Amino acid sequence: QVQLVESGGGLVQAGGFLRLSCTASGRTFSTYNMGWFRQAPGKEREFVAVISWIGGSTNHAANVKGRFTISRDNAENTVYLQMDDLKPDDTGVYFCAASSSWTTMKARYNYWGQGTQVTVSS
């Protein structure tokens, strides 16, 4: 069992930056691939980024590549999402999730946090 808690969301102007954190409980955090997803009002939850269990591989969605960076610190049981050059379209609730699979598909993630709101004003 893994419990996930996100933090770091907030209100920022376009062009600004935020760093999201997701802290996990449980000793098995380092065995999971960790992903970030986001959901805008009235839209489906979409993939943002994923990092492998050891941190050696990452994959970012095309619409955030070059602006967002996922990383993790297994000693701290934490995964991060550095978000630079934010745009109004980045507004939404951001969720971290854990999966035993290397995947961008939300259905393959076993554990989810409660989400943190990110709002980007124009």
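Positions are given from 1 along the sequence. A quick note: this is a predicted structure, and the numbers were derived from the prediction, not measured.
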Whichever hydrophobic residues join V93 through chains of side-chain contacts under 4.5 Å: F37, F47, V50, F95, W102, Y109, W112

Spatial distance of atom CD (Q1) from atom CD (Q3) [nearest 0.5 Å]: 6.5 Å

With T119 via side-chain contact (heavy atoms from CB on, under 4.5 Å) - residues at least two apart: L11, T91, Q117

Co-members of F68 in a cluster of I, L, V, M, F, W and Y side chains, linked at under 4.5 Å: V2, L4, V12, L18, L20, F29, Y32, M34, W36, V48, I51, V64, I70, V79, L81, M83, L86, Y94, Y111, V118, V120

R19: partners by side chain to side chain donor-acceptor pair (under 3.5 Å), with sequence neighbours left out: none

Qualifying disulfide bond (SG atoms under 2.5 Å apart) pairs, either residue in residues 30-61, two or more places apart: none

Distance (rounded to the nearest 0.5 Å) between N59 CG and S52 OG: 11.0 Å

Pairs involving residues 35-122, ordered by first then second residue, that meet disulfide bond (SG atoms under 2.5 Å apart) (sequence neighbours left out): C22-C96

Point-to-point distance, once rounded to the nearest 0.5 Å, from NZ of K87 to OG of S122: 12.5 Å

K65: partners by salt bridge (Lys or Arg N to Asp or Glu O under 4.0 Å), with sequence neighbours left out: none

Main-chain N/O of G92 paired with Q39 side-chain donor or acceptor, under 3.5 Å: no

Atom pair CG/OG1 of N33 and T103 - distance to nearest 0.5 Å: 9.0 Å

Residues in side chain to side chain donor-acceptor pair (under 3.5 Å) contact with D90, at least two apart in sequence or another chain: R38, R67

Contacts of type side-chain contact (heavy atoms from CB on, under 4.5 Å), residue D89, not counting sequence neighbours: none

For R72, all residues meeting salt bridge (Lys or Arg N to Asp or Glu O under 4.0 Å), sequence neighbours excluded: none

Distance-minimising heavy-atom pair for S30 and W53: O-CE3, 3.1 Å

All pairs passing salt bridge (Lys or Arg N to Asp or Glu O under 4.0 Å) where residues 108-122 contributes a residue, at least two apart: none

All side-chain contact (heavy atoms from CB on, under 4.5 Å) counterparts of E76, not counting sequence neighbours: D73, T78

